[in-house]
Participant: 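Before we start, here is the structure in question, set down as structure tokens.
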Amino acid sequence: MVLDSTVPTAAAAAAALGCDVAAITNSLVFDIEGTPLLILASGAARVDVRKVAEQLGTGRIRRASPGYVLEHTGQEVGGVAPVGHPEKIKTLLDESLSIHEVLWAGAGDHHSMFSISYDELRRITGAEEMPVR
């Protein structure tokens with residue numbers, strides 16, 4: 001769906017789509033010692049990076065800079081899609097999204113969103129399901 005206004009945040013997307021902010025799937029890029037990590041998180045959640053690092057058995061996870069996000073996804077912060085990146089990125093899927101029949105995710109720019117089921121999102125991304133908060 002292409003929207004008239006920009007939707008760079010989960011709250012803006014939910015308002016434009018008329019859905020619960022928790023059904024918005026944020027594509028958040030993090031940096032683990034130079035390796036990108038994509039976390040598909042509910043728009044209503046704040047990712048607990050320490051919890052995720054413990055579960056993955058990795059070092060410190062840092063929020064990626066806008067330049068890093070663009071380099072690894074080919075998309076700008078606020079419009080990152082869960083798929084369509086130049087190279088495969090390790091992806092985690094927030095388990096809390098599974099309660100929603102329909103999810104909405106960014107489609108690669110600040111005006112576009114697409115709807116998808118949790119199972120289909122997991123399938124097309126190859127994401128590992130994980131509690132992230």
Participant: Quick one: CD1 on Ile89 to OG1 on Thr73, what's the gap to the nearest 0.5 Å?
Facilitator: 6.0 Å
Participant: Treating Ser98 as the side-chain partner and Glu95 as the backbone partner, does any N or O pair qualify as donor plus acceptor under 3.5 Å?
Facilitator: yes
Participant: When rounded to the nearest 0.5 angstrom, what is the spacing between NE2 in His100 and OG in Ser42?
Facilitator: 5.5 Å
Participant: Check the pair Leu38 / Phe30 against side-chain contact (heavy atoms from CB on, under 4.5 Å), numbers first and verdict last.
Facilitator: CA-CA 6 Å; Leu38 177 63; Phe30 294 87; over 6 Å; no
Participant: Do Tyr118 and Glu129 have a side chain donor and acceptor closer than 3.5 Å?
Facilitator: yes
Participant: Ignoring hydrogens, what is the shortest heavy-atom contact between Thr125 and Lys88? Give both atom names and the distance.
Facilitator: O-NZ, 2.6 Å
Participant: To the nearest 0.5 Å, tell me how far Ser5 OG sits from His110 NE2.
Facilitator: 12.5 Å
Participant: Between Val102 and Val21, is there a shared hydrophobic cluster once you connect ILVMFWY residues whose side-chain heavy atoms come closer than 4.5 Å?
Facilitator: no
Participant: For Asp94 and Ser96, test the side chains for any donor-to-acceptor distance below 3.5 angstrom and give the result as yes or no.
Facilitator: yes
Participant: Quick check: do Asp31 and Ile61 have side-chain heavy atoms less than 4.5 Å from each other?
Facilitator: no
Participant: Let me know which of Leu121, Ile24, Leu40 forms a side-chain contact (heavy atoms from CB on, under 4.5 Å) with Leu103.
Facilitator: Leu121
Participant: Is it true that Arg122 and Glu128 have a side-chain N and a carboxylate O under 4.0 angstrom from each other?
Facilitator: no
Participant: Can you get from Leu93 to Ile32 by hopping between Ile, Leu, Val, Met, Phe, Trp and Tyr side chains that sit under 4.5 Å apart?
Facilitator: no
Participant: Which atom pair, heavy atoms only, marks the closest approach of Ser27 to Ala81?
Facilitator: OG-C, 3.5 Å
Participant: Minimum heavy-atom separation for Gln75 and Val83, please, with both atom names.
Facilitator: NE2-O, 3.6 Å
Participant: Is Met130 atom CE crowded by more than 12 heavy atoms from other residues, nucleotides or ligands, each under 6.0 Å away?
Facilitator: yes
Participant: Hydrophobic cluster membership, with links at side-chain heavy-atom distances under 4.5 Å among I/L/V/M/F/W/Y: are Val7 and Trp104 in one?
Facilitator: yes
Participant: For side-chain contact (heavy atoms from CB on, under 4.5 Å), just list the numbers for Val29 and Leu37, CA-CA rounded to whole Å, side-chain angles, deciding distance to a tenth of an Å, and then say yes or no.
Facilitator: CA-CA 6 Å; Val29 179; Leu37 172 67; over 6 Å; no
Participant: Mark yes or no for whether Asp20, through its side chain, and Ala22, through its backbone, hold a donor-acceptor pair below 3.5 Å.
Facilitator: yes
Participant: Assess whether side-chain contact (heavy atoms from CB on, under 4.5 Å) is satisfied between Met1 and Leu17, documenting all intermediate values.
Facilitator: CA-CA 9 Å; Met1 176 178 292; Leu17 295 166; 3.5 Å; yes
Participant: How long is the straight-line distance from OG1 of Thr58 back to NZ of Lys90, given to the nearest 0.5 Å?
Facilitator: 9.0 Å
Participant: Between Pro36 and Tyr68, what is the shortest heavy-atom contact and its length?
Facilitator: N-OH, 3.1 Å
Participant: So which pairs with a foot in residues 51-76 pass salt bridge (Lys or Arg N to Asp or Glu O under 4.0 Å), sequence neighbours left out?
Facilitator: none
Participant: Report the C-alpha distance between Val77 and Leu70 in whole Å, list the side-chain angles of each, state the deciding distance to 0.1 Å, and finish with yes or no for side-chain contact (heavy atoms from CB on, under 4.5 Å).
Facilitator: CA-CA 7 Å; Val77 171; Leu70 183 59; over 6 Å; no
Participant: Any side-chain heavy-atom pair from Val52 and Leu92 closer than 4.5 angstrom?
Facilitator: yes
Participant: Quick check: closest heavy atoms across Arg133 and Ala44, and the distance to 0.1 Å?
Facilitator: NH1-O, 4.1 Å
Participant: If you look at every heavy atom in Ala53 and Gly59, which pair is closest and at what distance?
Facilitator: CB-O, 3.6 Å
